[in-house]
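A short worksheet on the structure shown next.
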2 protein chains.
Amino acid sequence: MATRPYSESLERLRAAGLRPTRQRLALARLLYGRGHRHVTAEQLHAEALAATVRISLATVYNSLHQFTEAGMLREVVVDPARRYFDTNVEPHHHFFMATDGVLQDISGKDVSITGLPAVPAGTELQGIDVIVRIRRN
Amino acid sequence: MATRPYSESLERLRAAGLRPTRQRLALARLLYGRGHRHVTAEQLHAEALAATVRISLATVYNSLHQFTEAGMLREVVVDPARRYFDTNVEPHHHFFMATDGVLQDISGKDVSITGLPAVPAGTELQGIDVIVRIRRN
DNA sequence: AATTATAGTTATAATAATTATAATATATTG
DNA sequence: CAATATATTATAATTATTATAACTATAATT
């Protein structure tokens with residue numbers, strides 16, 4: 001077969017220094033199986049259960065944080081009610097539709113921001129998030 | 001005196017169609033007394049108590065939402081753990097220092113963003129938030 | 001000014017997402 | 001395979017926020 005999702009996930013976890021447990025492998029496969037994704041803990045947990053992976057919500061939370069720590073995920077802060085995690089860790093931006101909670105990537109390549117002041121004295125730049133809020137019309 | 005914070009706040013509330021109650025007047029004075037501010041409900045409540053205004057946390061939450069509804073405040077989503085409200089409702093952006101939870105305005109006048117794709121079909125633009133995340137160094 | 005109706009405030013309980021805990025299970029290493 | 005280190009789990013705890021329902025203040029009307 002062309003792709004080998006199992007060993008890809010396994011290598012990904014090894015590279016991050018995370019033990020390839022049943023649960024982490026399952027999550028990695030769900031997350032990186034096909035294209036980039038934006039998930040909440042609840043969503044991912046529901047998906048795992050639907051795929052008959054036995055995993056607790058606590059482990060989903062733990063894994064999301066560990067993956068983020070390891071640079072495999074990035075958190076996107078757009079909704080005060082829940083935390084989103086993005087499998088795309090390249091610099092980029094987002095559309096966010098608040099009504100149905102859907103995030104969509106905006107490639108970072110073409111976007112440029114001019115006219116920003118220098119960061120305040122004693123601080124350094126960590127990153128720039130652009131959230132384009134949209135609604136159905 | 002040069003400024004008359006009392007009647008300013010009163011007029012502001014009247015204009016928004018909100019009854020100028022003791023509590024709302026006190027909050028308006030704290031919020032709009034001198035320059036723009038970024039507050040959380042807890043912070044504002046603590047400030048009010050420190051200023052010997054007797055007000056419950058529930059009323060602070062209610063008022064923040066009513067003020068926001070009335071266009072007197074704008075919510076800034078930057079921290080998954082708490083909700084910030086900004087007295088500056090003009091289009092503008094923010095520096096955010098996660099470690100100490102401090103927000104700082106970036107004037108919207110000089111900032112321009114190019115290369116953003118058109119909004120997805122069936123949606124309309126609601127607003128663009130730029131968050132420049134910084135940390136102490 | 002007194003009365004009535006409306007709206008606001010409050011203490012408290014409820015909610016919901018997330019995080020901590022401590023017992024159990026699994027994976028790795030020698 | 002035994003010993004050790006690390007993960008997972010169910011559950012409880014935590015935290016910010018929102019809902020509830022009794023009470024109080026404000027505004028409108030007489």
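Here is the naming used below: chain letters follow the sequence lines, and residue numbers restart at 1 for every chain.
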Backbone N/O of A/Ala41 and side chain of A/Arg82: donor-acceptor pair under 3.5 Å: no
Nearest-Å distance for atom pair CD/P, residues A/Glu69 and D/dA7: 13 Å
Sub-3.5 Å pairs of nitrogen or oxygen atoms, protein against nucleotides 16-18 of chain D:
| residue | atom | partner | partner atom | Å |
| --- | --- | --- | --- | --- |
| D/dT17 | OP1 | B/Arg83 | N | 2.8 |
| D/dT17 | OP2 | B/Tyr61 | OH | 2.3 |
| D/dT17 | O5' | B/Tyr61 | OH | 3.1 |
| D/dT18 | OP1 | B/Arg83 | NH1 | 3.2 |
| D/dT18 | OP2 | B/His65 | NE2 | 3.2 |

Report the C-alpha separation of A/His36 and A/His38 in whole Å, then their side-chain angles, then the decisive distance to 0.1 Å, and conclude whether the side-chain hydrogen bond (donor to acceptor under 3.5 Å, both in side chains) test is met. CA-CA 7 Å; A/His36 284 309; A/His38 302 90; over 6 Å; no
Taking pairing as Watson-Crick or G-U wobble with both contacts under 3.5 Å, can you name the mate of D/dT20, or confirm there isn't one? C/dA11
Does the side chain of B/Thr21 reach to within under 4.5 Å of the side chain of B/Leu18, using non-hydrogen atoms? no
Under 4.0 Å from a heavy atom of chain A: give me the 5'-most and 3'-most nucleotides of DNA chain C that qualify. C/dA17 to C/dT28
Any base atoms under 4.0 Å from B/Thr59, or only sugar-phosphate, or nothing? Heavy atoms, all strands. base
For A/Arg24 and for B/Pro20, find the nucleotide of DNA chain D with the closest heavy atom, then tell me which residue's nucleotide is more 5'. A/Arg24
Identify the heavy atoms of A/Thr68 and A/Leu64 that sit nearest to each other, and give their distance. OG1-O, 2.7 Å
Hydrogens and angles aside, do A/Arg24 and A/Gln66 bring a side-chain donor and acceptor to less than 3.5 Å of each other? yes
Rounded to the nearest 0.5 Å, how far does CG of B/Leu116 lie from CZ of A/Phe95? 6.5 Å
Quick one: list whatever passes salt bridge (Lys or Arg N to Asp or Glu O under 4.0 Å) with B/Asp105, sequence neighbours left out. none
State whether the number of non-hydrogen atoms from other residues, nucleotides or ligands found under 6.0 Å of A/Gln126 atom CD is greater than 12. yes
Name the nucleic acid region contacted by B/Pro80, choosing base, sugar-phosphate or nothing; use a 4.0 angstrom heavy-atom cut-off, strictly under. nothing
